[in-house]
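In this chain, numbering begins with 1 at the start of the sequence shown.
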Amino acid sequence: MPCRCGSHSTIRDDQTGDLVCSKCYTILDFDNYEAQIGGITGPTGTNIHIGYAGTGSLFSYKDRKIYQAKTLIHEFALRLDITYSESDITSMIDEITDGEFGEGDWFNVLIGACSYVVMRGDKKFFPAAEVAKAVGCDIYELGRMIARVVKFLKLSLPEISIAGLFEREFNNYMNRKNVAEDKKEMMMKQGIFLVNCAVKWSLTTGRRPLPVVAAVMAFVAELNAVDGLKIEDVAEHVHAVVSTCKLRNKELLAALVRVAQVLPWGKDISVKNVVKYAPFVIQYMELKSMEVPGGGGERVEPFDMEDVISECLQKVAAYGNDENLSNGDSQYFEVRNRSDFPTLSSDNDGNNLKLSHECLSLIYSTFSNEVDAEKLNGQSGQIHVRKRRGLEPYTCQDWWSGKSELSKKLLLKQILEKEVGFDMMPLSFIAGCKANERRRQKIKAAKVRINKIVDPSSAGSDGSDNLNSSEVACGGKKRKRRQASEIDWEDFVIEALLLHRVKEEDIEKGHYRALLGLYVFNSGTI
C-alpha cells in the first residue's frame with residue numbers, strides 16, 4: 001500500500017521496528033495495527049466499577065469532589081488575600097459537611113461564609129460586601145449563610161470594630177496615593193478618632209459600617225488637603241452605595257456643627273464651613289476626651305490664646321482697617337475691668353491665662369457685637385483684607401496631638417465611656433419619635449372628623465367648627481379644596497381603625513397592614 005506522499009518504498013526502523021516510508025519517514029499505521037477485539041482469543045477488556053470516574057482513573061467520585069472543592073477554596077483564598085487562613089477555612093467546611101464538601105453555587109456561598117467567620121474570629125476585620133463580590137453571590141444570601149454557620153457551630157463572634165475596618169480600607173486605598181508616611185499616619189489616627197466619635201454619636205447604630213468609613217475617609221482627606229480622594233471613589237473602593245456615603249458624610253458634618261456650638265464662635269459655624277473650623281472643633285473634642293471622668297468641681301479648660309486671637313483678627317480684618325491692628329490701636333483689645341469677666345484665672349504675673357467656656361464666649365460675643373454694630377453704622381471705612389500668617393486654620397500644624405485614647409481601636413463599652421462634648425440619641429430613634437408624634441396628631445384630627453359626623457350638634461363646642469368656618473369664609477371654595485387635599489390615605493386608614501375600636505397606642509406604632517388584617521378584614525363584620 002503506497003504512502004500518502006505516493007512513494008511505495010519502505011524501510012524498517014532499527015530502534016522501534018516500525019515500518020516507515022523511505023521518502024517522508026512517515027510511520028505506516030497498517031503495519032502496526034492491533035485489533036482490539038474481545039472474545040476467546042482477543043485481549044481482556046477493563047471493567048468500569050460503579051462510583052469510579054472511568055477507565056484508567058485513579059480517583060473515585062468522592063475523591064474528585066474533595067479535590068475540586070479544595071482547589072476552589074484555594075482560589076477564593078487567593079482572591080481575598082487570606083491564604084494564611086486557608087487551612088482553618090478548609091477545616092471548618094470539613095466539619096460542617098462531615099467530610100463530604102460539595103459543589104455548586106451553594107458551596108461557593110459556604111466558602112465565603114466560612115472565610116468571613118474565620119477572619120472575624122481572628123479579629124481581622126473583613127467587610128462582607130467584599131466577600132460577596134469575590135464568591136459571586138448576593139450580600140443578603142451570604143449573610144443568611146453566615147448566620148447558619150454560626151448557629152451550627154455554636155460560635156460567639158466578637159463585635160465588629162468599625163475602627164479596624166477603617167484602618168484596613170484606609171491602608172488599602174492610600175497605598176495607591178503618593179502621600180508621606182508621617183502624614184498618612186496622622187490621617188489614620190484622625191480617622192479612627194472620628195470613627196469612634198461617630199459610634200459615640202450613634203451614627204452607626206442599626207446601619208452598615210462601610211458608608212460611615214467612606215464618609216470619614218473623604219472628610220479626613222479634605223481636612224488635610226489630599227487631592228484625588230473623592231467620596232465617589234472611596235464608595236466604589238469599599239463596595240458601598242454613593243448616595244448612602246454622602247448621607248453619612250452630611251450627618252457627620254451636622255454632628256460636628258452641634259459640637260462646635262460650645263465654642264465662642266460656634267454660632268458662625270455651619271455645615272458649609274465646618275471643614276474650615278474642623279481643627280478647632282477636633283482639638284476641643286480631643287481635649288474633652290482626655291478629661292478624667294467623675295472629676296469634682298468645674299474644670300477650667302486651657303485654650304491656645306494664639307489661635308483665639310488669630311480667629312478674632314480674622315474677623316476684624318474682614319470688617320475694619322488692618323493698619324490699626326498692626327499698631328495695637330484697636331478698640332476691641334483694650335483692657336476691660338476684670339469684674340466683667342469673673343471666670344478669668346491666671347498666675348501672679350498674668351502669664352498662662354486660662355479662660356472658661358463662659359468667659360471666652362462673653363469676650364467673643366461682646367467683640368462680635370461691636371464689630372457688627374460698627375459695620376452697620378458705616379464707621380469701619382473701606383475694607384482692606386490682607387493675608388496674615390496664621391489666620392488660616394490649615395496653616396496651624398499643632399492642632400492635632402493624637403494623645404487621646406479615641407485615636408486607638410477600642411471596644412464599644414470603652415467608646416461610650418468617653419466624653420467628646422456632645423451626646424446624641426440614634427437618628428432612627430429620633431425619627432421614630434417624630435413619626436409617633438405625627439401619627440398622634442393625625443389620630444386627634446381623625447377623632448374630630450368622626451365626632452362631626454356622629455354628633456354634628458356638638459362639633460362646634462370646642463371652637464374647632466368656628467375656626468374651620470372662618471377659614472372657609474376667608475378662602476371660599478379654594479380653602480375647602482386645600483383642606484380636602486390635606487387628608488391622605490393614612491388619615492383614611494386611621495379613621496377605619498378608630499371605627500373598629502383599635503387602641504390608639506397600637507395605631508401610633510404605624511403597623512397599619514397588620515392592624516387592618518387583624519381588626520378590619522378579619523373582624524367578622526360586614
Side-chain angles (χ1 to χ4, degrees), residues 47-162 164-165 167-169 171-173 206-211 213-214 235-241 244:
N47 294 325
I48 301 177
H49 299 281
I50 298 176
Y52 279 78
T55 305
S57 176
L58 300 178
F59 296 100
S60 64
Y61 170 76
K62 180 179 179 180
D63 295 337
R64 181 183 61 83
K65 183 176 64 174
I66 294 175
Y67 173 78
Q68 292 179 352
K70 292 183 177 180
T71 303
L72 193 61
I73 294 173
H74 178 71
E75 180 182 350
F76 287 151
L78 287 176
R79 291 184 188 178
L80 298 171
D81 196 18
I82 54 173
T83 53
Y84 48 85
S85 301
E86 182 179 343
S87 59
D88 297 334
I89 299 172
T90 305
S91 302
M92 182 175 292
I93 295 176
D94 180 72
E95 181 180 357
I96 293 173
T97 60
D98 197 17
E100 295 291 336
F101 288 85
E103 57 185 357
D105 295 338
W106 71 269
F107 189 70
N108 298 350
V109 181
L110 178 62
I111 295 175
C114 293
S115 302
Y116 179 84
V117 172
V118 169
M119 299 301 295
R120 180 91 173 268
D122 294 341
K123 296 183 178 181
K124 297 176 181 178
F125 311 103
F126 213 58
E130 185 175 345
V131 179
K133 184 178 180 180
V135 300
C137 69
D138 187 72
I139 188 172
Y140 301 103
E141 185 179 4
L142 177 65
R144 290 191 292 268
M145 183 64 76
I146 291 173
R148 293 177 62 183
V149 169
V150 172
K151 183 178 180 180
F152 181 81
L153 298 178
K154 299 179 181 180
L155 300 176
S156 179
L157 298 180
E159 65 181 35
I160 297 178
S161 174
I162 304 181
L165 282 176
E167 183 180 6
R168 180 181 183 275
E169 298 298 333
N171 287 330
N172 293 340
Y173 192 83
R207 292 154 165 200
R208 296 183 182 180
L210 288 178
V213 170
E236 183 180 358
H237 172 73
V238 301
H239 308 289
V241 182
T244 307

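Taking 4.0 Å as the cut-off between side-chain N and carboxylate O, Arg79 and Glu130 do not count as a salt-bridged pair.
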Q: Kindly determine whether Arg144 and Tyr140 satisfy side-chain contact (heavy atoms from CB on, under 4.5 Å), including the steps that lead there.
A: CA-CA 6 Å; Arg144 290 191 292 268; Tyr140 301 103; 4.0 Å; yes
Q: Walk me through it: do Asp122 and Lys124 pass the test side-chain contact (heavy atoms from CB on, under 4.5 Å)?
A: CA-CA 5 Å; Asp122 294 341; Lys124 297 176 181 178; 4.2 Å; yes
Q) Could you walk me through whether Phe107 and Ile93 pass the side-chain contact (heavy atoms from CB on, under 4.5 Å) check? A) CA-CA 9 Å; Phe107 189 70; Ile93 295 176; 3.7 Å; yes
Q: List the steps, then state whether side-chain contact (heavy atoms from CB on, under 4.5 Å) holds for Phe76 with Ile82.
A: CA-CA 9 Å; Phe76 287 151; Ile82 54 173; over 6 Å; no
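Atom NE2 of His239 sits about 8.5 Å away from atom CG of Leu210, to the nearest 0.5 Å. Summarising the geometry, atom NE2 belonging to His237 is positioned 4.5 Å from atom CD belonging to Glu169; distances are rounded to the nearest 0.5 Å.
Screening residues 87-113 for side-chain hydrogen bond (donor to acceptor under 3.5 Å, both in side chains), with sequence neighbours left out, gives Tyr61-Glu103.
Two residues are said to be in side-chain contact when any heavy atoms from C-beta on lie closer than 4.5 Å; Thr83 and Leu78 meet this criterion. The shortest distance between side-chain heavy atoms of Phe101 and Ile73 falls below 4.5 Å. Annotation: side chain of Ile160 is in contact with side chain of Arg120 (closest heavy-atom distance under 4.5 Å). At a threshold of 4.5 Å between non-hydrogen side-chain atoms, the residues Ile96 and Cys114 count as touching. Counting heavy atoms from C-beta outward, Ser115 and Ile111 have side chains that approach closer than 4.5 Å. With a 4.5 Å cut-off on side-chain heavy atoms, Pro127 and Arg168 count as touching. At a threshold of 4.5 Å between non-hydrogen side-chain atoms, the residues Val149 and Tyr116 do not count as touching.
The environment of CD in Glu236 is sparse: at most 12 heavy-atom neighbours from other residues, nucleotides or ligands sit within 6.0 Å. Atom NZ of Lys133 is surrounded by 12 or fewer heavy atoms from other residues, nucleotides or ligands within 6.0 Å. Surrounding CG of Asp81 are at most 12 heavy atoms belonging to other residues, nucleotides or ligands under 6.0 Å away.
Of all the heavy atoms in Gly99 and Lys62, the pair that sits closest is O-CE, 4.1 Å. Scanning both residues, Glu141 and Cys137, for their nearest heavy atoms gives OE1-CB, 4.0 Å. For the pair Leu142 and Val109, the tightest heavy-atom approach, listed with the atom from each and the gap, is CD1-O, 3.9 Å. Considering every non-hydrogen atom in both Pro158 and Gly121, the closest pair reads CD-CA, 4.3 Å.
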